[in-house]
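Okay, so here's the structure we're looking at.
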Amino acid sequence: MANVNPRPGDPAITPVLVAEHGLTPGEYEKLVAMLGRMPTFTELGIVSALWSEHCSYKHSRNLLKTLPTTAPWVLQGPGENAGVISIGDGLAVAFKIESHNHPSAVDPYQGAATGVGGILRDVFTMGARPVAMLNSLRFGSLESARGRYLFGGVVKGIGDYGNCVGIPTVGGEIVFDDAYEGNPLVNAMCVGLMHKEDLIRAKAEGVGNPIIAVGARTGRDGIHGASFASEDLSEASDAKRPRVQVGDPFTEKLLLEASLELIRSGHIVAIQDMGAAGLTSSSAEMAERGDVGVTIDVACVPVREKGMTPYEILLSESQERMLVVAHRGRESEVRAILAKWDLAAAVIGEVIAEPVYRVTEGATVVAEFPGSRLVTDCPRYSPESREDPEVAALRAADVSGIAPLPDEIDPAWTLLTLLSSPTIASKAWAYRQYDSTVRTNTVVGPGGDAAVLRIRGTNKAIALKTDCNGRYTYLDPRVGGRIAVAEAARNVACTGARPLAITNCLNFGNPRRPEVFHQLKEAIAGIGEACIALSTPVTGGNVSLYNESPRGAVYPTPVIGMVGLIDSLEHITRSTFGTAGDSIVLIGDTGDELGGSEYLALVHGVVAGAPPACDLKRERAAIDALLDAIASGHVASAHDCSDGGLAVALAECCIGDQSNPTGLDVHLGDLGDVSPRGALFGESQGRFVVSSPAPASVMRVAERYGVPARVIGSVRPAEDGFHIKAGESELDSDVASLAAAYHAAIPALMSSERLWSNAARQPALVNA
């Protein structure tokens, strides 16, 4: 081991400085014991980043190990930049979802844009060409200036970055709820396509092999971004705007092409994005995976600002940078490929036999850690888990006794109210800012149940979806976790795709609070149960904790990114009705389940009751039945029944396609013990609305799987109107009124006058 001495000008290590770096006294003692001496300022910064929640998963790693991660089609599970699954024909799909919540809270445009850039790099470092982007977004009310500012900035950041790189943004989800007013959630998912033989892993190997910094120069933006993502938001967070990185999508495009060419060339051993914690995490993690030592000379790192210290160079999160381990003797070939793409490369270190992680500044050693312990010795916590008794009381509440409002005497009023809710209403205002068709592989784009992309050179397609209901998870974390997986699977199945695997982004509050750790523990358990039942292993993801502000924690929001495979392009199915005269078949059972519903929250301002039950065996059977019916050619359209219940699902089938609206005539018959509003607006799970010219065939298939199915009505021309009879209740509306409520809601709230008011342009972080 080399002698490591404090660098001239570095601050003294004090308890205050340690606390400012996010380390507890116990963690600092662990660091001192590992080193056998006091750390230098640079070493303190390195550990602060790598032992942060964002990099180390110290409160979640033990829980994540309980998830199912293997299947015959899984080529790469958790632990790499992205998961990879085989789809046959020698092809594979790489995919990953990650959060950029805190950066987006203080700078929505750059926070969202750099989130897109980072997840792109995670995918193409596996050897896959990105073919699609999705997102999952949560904001407060659009009635507030801050809500409009954040929503507008995030959407523009996503659109500008993705459009410039030339990757289509094909789907996602957007939710508006007061629970996210103080802390928005911005989760980005990327999907890439590759040949199986091009798969590469970020594992440093080969003593003497050079370590090369590739891409953009290193600046001072984003320093301690990982630590920033591992703390609660507060009024002081706006001052941390410099921790938000600045993206350059044009450099990203060059880096993408250069990286894929490097991987195919055979000149490199490993490649990894310099993402969270920058050069520190990429070099330390590659060394740990390969069980080798590395040495890095920060004096060789290309920088764009004079006077940068080792601390700043190691912890910078400047964007569009890669770390490459090349075969020794092929440095010139690597440089030639990068020069072709107008990118620079600098040898900054090498793989060594000595089991150390060493950082030098020229001849001076500024940081050194024994072996791979920098990564493996990170503390692990399993804190107290205890449900909040107030939440338990809310879940136990009998919401069936909530009296209808006078306006609800006409259920059409309720339906129009739900359709104009920003959470349910059309999100076209957002997705029309995204190029969803670039590269010409998009078959079903934003607005459907799931996106569908054809696989060139085959008769196959993939279906992609992100999904979660934070309100369900708040009321019952385990059930909410199950439903997040099941609903994503249903949405994928509606397109004709067999669900194959998931990636997840677990957005929760402060895990050191027993109530939050209970939510995290139970939600992960529910996700695991659903993934086992539906044969959709977890291939990786992201945990984003400390999503809190002075207003409190966000709803626990375990977002699921699902990938499915369509075996034949002929099986691609859309969600909207297309042909008058087709029968409407409801697959699945309807109960009187209003707990946690959009109806209760929006119409009555009540978040209470048990969320709908999620019977995983029945979910699997319903999905199998639907896919069989689609493959048999009996299904004209299929739509999942979820937020807003059956009435909203039926309306979306009629008005989702503005170029071909339809009407319907539906009779639900004897409701039994189910109330009319429960039948219309309850959110029972495991249901599909299917249109078919051969309903008897659909029902025979459903019967074979033991799944209830019945004809409830027929598709009509739009001029015939929209009519549902539910027991003694009748819902009548003209289709134009429903369409206006659904398609005009968000544009009206996001008008230029409201969006660019001074209050929106300069919002306070909290108490807006």
Side-chain angles (χ1 to χ4, degrees), residues 53-54 57 59-60 63-64 66-67 97-99 101-102 105 136-140 173 175-187 229-230 232-233 382-395 423 466-488 502-531 538 541-549 551-561 595-598 601 607-612 614 643:
E53 195 74 53
H54 191 77
Y57 296 85
H59 283 91
S60 60
L63 300 176
L64 296 175
T66 66
L67 293 172
I97 189 169
E98 281 204 345
S99 64
N101 302 335
H102 285 41
S136 178
L137 312 176
R138 301 290 189 282
F139 303 96
E173 55 159 359
V175 171
F176 302 91
D177 193 290
D178 286 343
Y180 305 99
E181 183 70 27
N183 194 136
L185 303 182
V186 177
N187 297 174
S230 306
D232 295 343
L233 288 173
S382 294
E384 180 186 0
S385 169
R386 182 180 65 247
E387 183 173 25
D388 185 339
E390 292 185 7
V391 175
L394 288 174
R395 183 175 63 252
T423 291
T466 59
D467 227 318
C468 182
N469 188 312
R471 193 183 300 125
Y472 292 167
T473 316
Y474 170 69
L475 291 168
D476 190 326
R478 185 171 292 225
V479 171
R482 289 181 196 143
I483 290 176
V485 176
E487 186 173 352
I502 74 161
T503 177
N504 56 46
C505 195
L506 308 179
N507 305 273
F508 289 76
N510 187 333
R512 290 176 290 186
R513 294 200 292 117
E515 296 82 3
V516 171
F517 193 73
H518 169 81
Q519 293 172 339
L520 179 65
K521 182 178 180 180
E522 287 294 294
I524 289 175
I527 289 170
E529 292 166 352
C531 286
V538 181
N542 174 230
V543 176
S544 175
L545 305 181
Y546 300 95
N547 287 293
E548 300 201 11
S549 72
R551 298 173 63 99
V554 300
Y555 281 154
T557 309
V559 174
I560 302 299
S597 65
E598 186 72 14
V607 176
C614 183
D643 293 352

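Annotation for Ser136 and Thr466: closest pair CB-OG1, 4.0 Å, computed over non-hydrogen atoms. A pairwise comparison of heavy atoms in Pro558 and Ala484 identifies O-CB, 3.7 Å as the closest pair. Nearest heavy-atom pair, Gln519 versus Pro477, reported as atom, atom and distance to 0.1 Å: O-CB, 3.6 Å. Counting all heavy atoms, side chain and backbone alike, Ala530 lies closest to Val485 at CB-CB, 3.6 Å. The minimum heavy-atom distance linking Glu173 with Arg138 is given by the pair OE2-NH2, 3.0 Å. Shortest non-hydrogen contact noted between Pro511 and Phe517 is O-CB, 3.4 Å.
A heavy-atom distance below 4.5 Å is not found between the side chains of Leu67 and Cys531. A heavy-atom distance below 4.5 Å is found between the side chains of Leu506 and Leu64. Side-chain contact between His102 and His54: absent, with no pair of heavy atoms (C-beta onward) separated by less than 4.5 Å. Looking only at side-chain heavy atoms (C-beta outward), Arg386 and Glu515 come within less than 4.5 Å of each other. Leu475 has its side chain within reach of Leu394: a pair of non-hydrogen atoms, C-beta onward, lies under 4.5 Å apart. Side-chain contact check for Ile527 versus Ile502: some heavy-atom pair is nearer than 4.5 Å. By the 4.5 Å heavy-atom criterion applied to side chains, Phe139 and Phe176 are counted as neighbours. Counting heavy atoms from C-beta outward, Tyr546 and His59 have side chains that approach closer than 4.5 Å.
The 12-atom threshold is exceeded at CD of Glu384, counting heavy atoms of other residues, nucleotides or ligands nearer than 6.0 Å.
No donor-acceptor pair closer than 3.5 Å links the side chain of Asn504 to the backbone N or O of Ile560. A donor-acceptor contact shorter than 3.5 Å is absent between the side chain of Asp476 and the backbone of Pro611.
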>> Let's go through Asp177 and Thr423 carefully: what are the C-alpha distance in whole Å and the side-chain angles of both, what is the deciding distance for side-chain contact (heavy atoms from CB on, under 4.5 Å) to 0.1 Å, and is it a yes or a no?
In response: CA-CA 8 Å; Asp177 193 290; Thr423 291; 5.8 Å; no
>> Please evaluate residues Tyr57 and Leu545 with respect to the criterion side-chain contact (heavy atoms from CB on, under 4.5 Å), reporting the C-alpha separation (whole Å), side-chain torsions for both, the decisive distance (0.1 Å), and the verdict.
In response: CA-CA 9 Å; Tyr57 296 85; Leu545 305 181; over 6 Å; no
> Does the pair Glu522 and Arg482 meet the rule for a salt bridge (Lys or Arg N to Asp or Glu O under 4.0 Å), with working shown?
Replying inline: CA-CA 10 Å; Glu522 287 294 294; Arg482 289 181 196 143; over 6 Å; no
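Rounding to the nearest 0.5 Å places CZ of Arg471 at 7.0 Å from OG of Ser597. Note that CZ of Phe508 and CG of Leu185 are 10.5 Å apart. Values are rounded to the nearest 0.5 Å. Here the CD-CG distance, from Glu548 to Asn510, works out to 5.0 Å after rounding to the nearest 0.5 Å. Between the SG atom of Cys505 and the CG atom of Asn101 there is a distance of 6.5 Å, given to the nearest 0.5 Å.
When each of Thr473, Asn187, Thr557 is checked for a side-chain hydrogen bond (donor to acceptor under 3.5 Å, both in side chains) with Asn507, only Asn187 meets the rule.
Checked by atom type, the side-chain pair Asn183/Ser549 shows no donor-acceptor distance below 3.5 Å.
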